[in-house]
Undergrad: 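Here you go, one structure.
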Amino acid sequence: MKAAVISAPGTVEVSTVEDPTPGPREVVVSVAACGLCGTDLHILQGEFAPTLPVVPGHEFAGTVVATGGAVTELAEGDRVAVDPSLYCHECHYCRRGRNNLCERWAAIGVTTSGGAAEFAVAPVANCVKLPEHIRTEDAALIEPLSCAVRGYDILRSAQLGTRVLIYGSGTMGLMMLELAKRTGAAGVDVVDINPRRLATARTLGCSAAAGSADELDRPRGWDVVIDATGNAHAIQDALGRVGKGGTYLQFGVADYAARATIDPYRIYNQEITITGSMAVLHSYERASELFAAGALDPEVFISDRLPLDRYAEALGRFRAGEGRKILVRP
C-alpha cells in the first residue's frame, strides 16, 4: 500500500509499505481521509514520536475492510472514525482514570503507523461507527473535536456568562470557539495575526476578532484565556490577559524549547489558575455525538482535500498557516 513515511527529522515521502493485518481484537480500515495537525509537524521535527520511521496521521476515518478473529462489534463495510489513543490501562495514571497521562502513552499515527496511508490498523475498541448522514472523510474532524472537548472538560469550573479570549483561529481555535458558544460564554473574542483565519472566526460568530488583544476593550481582562497556537510569543501575551480569578488554558502544542515567564505574586494575589489539556480523555464518543448533531460545519472547517501523493506539500501548507483543516485522501 501507499503511505506517507517520516523517515528522519525533516524528511517525509510517500512510498510503498506492507499492507497491515489485524490482530485478534483489531480491524483494518480503508482510510477515506486523514487530517493534518500541529502534532504532525512536531513529529517531522523529531519530537513526540519515540522512533522513526513512522507513518503519521492520528485524525482519520474510513471503512472496515478486515477484522480480527475475536472482533464481533464491527463487520466489513462499517464506516468508522478512529480514536488514536493507546493506553496501557495498568500504570499509576491509568488506574486513576487519567489515561491520557499514561506512563506508556502511545497513539496511532504517533508511536505506531497511522492514517496517512491507504490502510490503517486500529483496536476495535477505538472505533466509533458513523451514522448514515455523516460523510466518511468529514469524520476525520472528530479526533480534533475530541481534543477540544477534553479542553472544555478541564474548564468545567468555568461559570455561565464568562468572557473568553482565544489565541489562534486555526482549526483548534475555531473548535474552541464553537464549544465556548455552546457552553454558555457571554462573549468569545479571537486573536490571530492571520486575517483570513480571523475572517472565518467572524463567520462563525465570535464576539470580536483582532490581530492583537490590545485592540480589544477588556481593561479587566478575560475570565478564560485559551492559547490554541503553541507559539511562545502568543502564550506570553495570553498569560497577561487573564483577569482576576480567571483561568488560563494551555491548549496549543508548543515546541519542547518554548518558554514563558509567569508572575507568581500576581497568580497568588489574583487567584489565577494556569492549567493544560493533553489530547483525548473519555471525550471521543462525546465528540462523535456532537459532530453527528451538527456542532461543526465541515465545509467551513475543511479548507483543502489533497491526494496522499501530495502529503509533503500539505504539510508545507499547514506549516505556512494556509487554510484551515487540511485533509489528505488516499
Side-chain angles (χ1 to χ4, degrees), residues 36-39 41-42 144 147-148 151-152 155 158 162-183 185-244 246-255 257-263 266 270 272 274-277 296-297 299-304 314-326:
L36 271 63
C37 166
T39 299
L41 293 181
H42 285 277
C147 294
Y152 270 90
L155 292 170
T162 55
R163 290 284 178 172
V164 178
L165 174 62
I166 299 173
Y167 279 70
S169 53
T171 300
M172 300 313 302
L174 295 175
M175 287 187 176
M176 297 301 268
L177 163 63
E178 291 290 68
L179 293 184
K181 289 158 50 182
R182 285 175 169 260
T183 51
V188 189
D189 301 329
V190 178
V191 171
D192 201 315
I193 60 173
N194 186 322
R196 291 185 178 179
R197 288 184 169 178
L198 280 182
T200 305
R202 293 188 183 97
T203 298
L204 292 178
C206 68
S207 303
S212 167
D214 290 333
E215 301 173 35
L216 303 172
D217 184 21
R218 294 295 301 171
R220 291 189 176 88
W222 284 261
D223 303 306
V224 174
V225 178
I226 301 168
D227 172 71
T229 69
N231 177 275
H233 177 76
I235 292 167
Q236 188 67 70
D237 190 70
L239 284 165
R241 307 291 179 172
V242 185
K244 290 183 178 182
T247 298
Y248 171 83
L249 174 65
Q250 185 56 51
F251 183 72
V253 181
D255 290 343
R259 296 291 182 270
T261 302
I262 63 171
D263 181 347
R266 176 171 170 263
Q270 299 182 9
I272 291 171
I274 298 176
T275 188
S277 173
L296 306 179
D297 182 350
E299 297 307 314
V300 172
F301 276 81
I302 299 170
S303 60
D304 299 89
L315 271 181
R317 294 175 67 170
F318 181 81
R319 184 192 294 111
E322 298 178 11
R324 294 174 299 282
K325 178 56 66 179
I326 297 175

Undergrad: Identify the heavy atoms of R324 and S303 that sit nearest to each other, and give their distance.
TA: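 Nearest pair, atom of R324 first, then S303: N-OG, 2.7 Å.
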Undergrad: Just jot down the side chain to side chain donor-acceptor pair (under 3.5 Å) partners of D237, sequence neighbours excluded, or say none.
TA: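 Side chain to side chain donor-acceptor pair (under 3.5 Å) list for D237, sorted by chain: Y167, R241.
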Undergrad: My understanding is that only residues two or more places apart in sequence, or in another chain, count here; which of them pass salt bridge (charged side-chain N to carboxylate O under 4.0 Å, His left out) with E322?
TA: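 Only R317 meet the salt bridge (charged side-chain N to carboxylate O under 4.0 Å, His left out) criterion with E322.
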Undergrad: I235 and A260: which non-hydrogen atoms are nearest, and at how many Å?
TA: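 Taking every non-hydrogen atom into account, CG2-CB, 4.0 Å.
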Undergrad: Could you measure the distance from the OG1 atom of T261 to the CG atom of L239? Nearest 0.5 Å is fine.
TA: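 Between T261 OG1 and L239 CG, I get 9.0 Å after rounding to 0.5 Å.
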Undergrad: Give, for atom CD1 of I326 and atom CZ of R319, the distance between the pair rounded to the nearest 0.5 Å.
TA: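 Those atoms lie 11.0 Å apart.
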Undergrad: Going through the checks in order, is the side chain to side chain contact (heavy atoms under 4.5 Å, CB included) test met by L41 and L315?
TA: CA-CA 7 Å; L41 293 181; L315 271 181; 3.8 Å; yes
Undergrad: I'd like to check the side chain to side chain donor-acceptor pair (under 3.5 Å) partners of Q250; sequence neighbours left out, ordered by chain and number.
TA: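 If we apply the side chain to side chain donor-acceptor pair (under 3.5 Å) test to Q250, skipping adjacent residues, the hits are D227, Y248.
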Undergrad: If you look only at pairs with a residue in residues 164-174, which of them pass as a salt bridge (Lys or Arg N to Asp or Glu O under 4.0 Å), with sequence neighbours excluded?
TA: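 Not a single pair qualifies under salt bridge (Lys or Arg N to Asp or Glu O under 4.0 Å).
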Undergrad: Which residues pass the salt bridge (charged side-chain N to carboxylate O under 4.0 Å, His left out) test with R163, sequence neighbours left out?
TA: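 None.
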Undergrad: Report the residues that fulfil side chain to side chain donor-acceptor pair (under 3.5 Å) with S169, sequence neighbours left out, ordered by chain and then residue number.
TA: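 S169: side chain to side chain donor-acceptor pair (under 3.5 Å) contacts with D192.
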Undergrad: Roughly how far apart are L296 CG and K325 NZ, rounded to 0.5 Å?
TA: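 Taking CG in L296 and NZ in K325, the distance rounds to 11.0 Å.
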Undergrad: If you round to the nearest 0.5 Å, how far is CE of M172 from OG of S277?
TA: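 Rounded to the nearest 0.5 Å, the OG-CE separation comes to 8.5 Å.
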